[in-house]
Structures are given as C-alpha cells and as structure tokens.
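These notes concern the structure reproduced below.
Being a predicted model, the structure only gives us computed values, none of them experimental. Numbers here simply count residues along the sequence, with the first being 1.
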Amino acid sequence: MFHETPIYNRLVAERGDVPAQVRGEADRIHHHLAQVIRPHAPQNAPGPGLAHAAPQAPGHGRPAIAPYTAP
C-alpha cells in the first residue's frame, strides 16, 4: 500500500510495522477461533458435514458465525 513512501519507511523504523502486526494478530485470532468454534452437526444428522449451510455475511464472502446454542 504505502511501502514505497519515505514517511511510511520512517514510521516503520520508529514504531514498527503496525499494520503488518495487526494483520498477523487478526489472522492468528481468526485461525484460533476457527479451531474453537466449529458448528457441530446433531449426532442423528444424515451424511457427513453440516446439517445446514451457515448464512453468508453480507459482502464479505465468509460465513457468519452461528449464535451459541446450549447442547
């Protein structure tokens, strides 16, 4: 994005590459949540996988996280 501008290079030298750090942390959290929050199909559900598809988040191309329901 701004990697070739002198002010960006100076800010990175002074403060570190904050946008890259934030992206890395967001990716780490997203991966961790994907491991922790998995939709569980009922034991009597036919076939492998999910009983139903998760709704899509508008404009983001990622499935929305289903609300928590007690087992």
Spacing of Gln35 atom CD and His30 atom NE2 [to the nearest 0.5 Å]
10.5 Å
Atom pair OG1/CZ of Thr5 and Arg10 - distance to nearest 0.5 Å:
10.0 Å
Mind checking whether Ile37 and Ile29 sit in one hydrophobic cluster, side chains of I, L, V, M, F, W, Y counted as touching below 4.5 Å?
yes
Interatomic distance, CD1@Ile7 vs CD@Glu14, rounded to 0.5 Å, equals 9.0 Å
